[in-house]
Protein chains: 2
Amino acid sequence: MAETVYRKSKQRQYILEYLRDTDSHPTAQMIYDGIRDEFPNLSLGTVYRNLNILVDQGQVNRLQYGSTFDRYDADTYEHYHFICTQCGKVFDLPLEPKENLEAAAEKVSGHRVHGHKIDFFGICESCGRQNENNAAS
Amino acid sequence: MAETVYRKSKQRQYILEYLRDTDSHPTAQMIYDGIRDEFPNLSLGTVYRNLNILVDQGQVNRLQYGSTFDRYDADTYEHYHFICTQCGKVFDLPLEPKENLEAAAEKVSGHRVHGHKIDFFGICESCGRQNENNAAS
DNA sequence: CTGGGTGCAAAATCTTTGCAGATCC
DNA sequence: GGATCTGCAAAGATTTTGCACCCAG
């Protein structure tokens, strides 16, 4: 999926348009239902395939990072996480909680904000070192 | 699951201990593998059941909010999200990106930070209004 | 033509649930 | 004793994949 040259497809284009026209952050199933009348023979598999391609192209964001399954944490104090996009490891970040963000969010949104979480992502130290070694050889 | 009085169980206690003793933010499967030698007959279902109870009790956090399936977003500019914990809707927040957070995260962690996301959660306007109406009646 | 794209269905992955027996209070 | 908990297995829910045919370049 890295070296592939993508062609055009009506389905993929329409999925992208649909996503651009909505602000409901739909799930794959919702997209499928939403464009079913345009493509009566559409299959859910095609929607998933195209979403992955669009995410790969950077035209669409998946609202979730890291692996597909849940992770658990027994630290109940507030803290943030760093997720390595290469190895998938999750690290705690000893950054003090930004309470003022919640006030700001509440102001611009009009919703009642009870909490927040921040995930940072990038390449962790150990993956970074490995990459350097590989590049050097 | 709201009115239930929980009893003690060795399995649940051990799962909690295991989570407190690690900082690897394990998945259910990892926990299962990790305590298998202590409970040879343990089943994955029990791990999931107990994780849900521990999360319900607030002793453990699930590193993910909202629904279980992915949501997609065609806005490629940086923005944050507000997730209503009652109806599950996802809203965009017009808060300017906090670039300085990434620098701070990089400093305390030693990892290469390439991005971040912030999810706020709480009760959205429309759910809030509904709740008031229900309370008033 | 050739390789990517599609629909369909089967498979894979992750999580929940029904049931019968064990356990806690 | 009765509700909760467990193991096991089956079912659910979400996502991916294999295959044969179709379509873009």
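Letters A, B, ... mirror the listed sequences (proteins, then strands); counts begin at 1.
To the nearest 0.5 Å, the span separating CZ on A:Arg62 from CG on A:Leu54 amounts to 10.0 Å. The line from CD of B:Glu17 to CZ of B:Arg12 is 13.5 Å long, rounded to the nearest 0.5 Å. Annotation: the span from A:Arg112 atom CZ to B:Thr85 atom OG1 amounts to 12.5 Å, rounded to 0.5 Å.
Taking every side-chain heavy atom of A:Asn41 into account, C:dC8 is the closest of C:dT2, C:dC8, D:dT6. You'll find that the side chain of A:Arg12 is closest to C:dG5, out of D:dT15, C:dC25, C:dG5. For A:Arg7, counting side-chain heavy atoms from C-beta on, the closest listed nucleotide (D:dC5, D:dA24, D:dG7) is D:dA24. Taking every side-chain heavy atom of B:Ile53 into account, D:dC5 is the closest of C:dG7, D:dC5, D:dT6.
With sequence neighbours left out, the side chain to side chain contact (heavy atoms under 4.5 Å, CB included) criterion links B:Thr46 to B:Gln11, B:Leu42, B:Ser43, B:Arg49, B:Asn50.
The shortest non-hydrogen separation linking A:Val113 to A:Glu106 is N-OE1, 2.8 Å. Scanning both residues, B:Tyr80 and B:Pro97, for their nearest heavy atoms gives OH-CA, 3.4 Å.
Computed from coordinates, the B:Leu51 CG to C:dT15 P distance equals 9 Å when rounded to whole Å. Rounded to an integer number of Å, the gap from B:Leu16 CG to D:dC5 C1' is 17 Å. Atom-to-atom, CG of B:Asn50 to P of C:dT17 comes out at 14 Å; the value is rounded to the nearest Å. When the P atom of D:dC8 is taken as reference, atom CD of B:Gln11 falls 11 Å away, rounded to whole Å. In this structure, the CG atom of B:Leu44 is 14 Å from the P atom of C:dT13, given to the nearest Å. A straight line from CG of B:Asp56 to P of C:dT15 spans 17 Å, rounded to a whole angstrom. In this structure, B:Gln13 places its CD atom 11 Å from P of D:dT6, rounding to the nearest Å. C:dC8 atom P lies 14 Å from atom CZ of A:Phe39, rounded to whole Å.
Put simply, A:Ser43 has no side-chain N or O that comes within less than 4.0 Å of OP1 or OP2 on C:dA9. Between D:dC5 and B:Arg49, no contact under 4.0 Å exists linking OP1 or OP2 to a side-chain N or O. B:Asn52 has a side-chain polar atom (N or O) that falls below the 4.0 Å cut-off from OP1 or OP2 of C:dT16. Of the side-chain N and O atoms in B:Ser9, none sit less than 4.0 angstrom from OP1 or OP2 of C:dC24. For the pair B:Tyr48 and C:dT15, the criterion of a side-chain N or O lying under 4.0 Å from OP1 or OP2 is met.
Although no hydrogens or angles enter the test, the distance criterion places a donor-acceptor pair under 3.5 Å between the side chain of B:Ser109 and the main chain of B:Ala105.
Toward the 5′ end of DNA chain C lies the nearest nucleotide of B:Thr46, the other residue of the pair B:Lys10 and B:Thr46 mapping further downstream.
A rotation axis mapping the C1' atoms of four pairs onto the next four is fitted at both ends of the helix from C:dC1-D:dG25 to C:dC25-D:dG1 over five pairs, and the angle between these axes is 40° to 10 degrees.
No contact: A:Gln29 has no heavy atom under 4.0 Å from any strand.
Salt-bridge check for A:Arg36 with A:Glu38: failed, with every basic side-chain N at 4.0 Å or more from each acidic carboxylate O.
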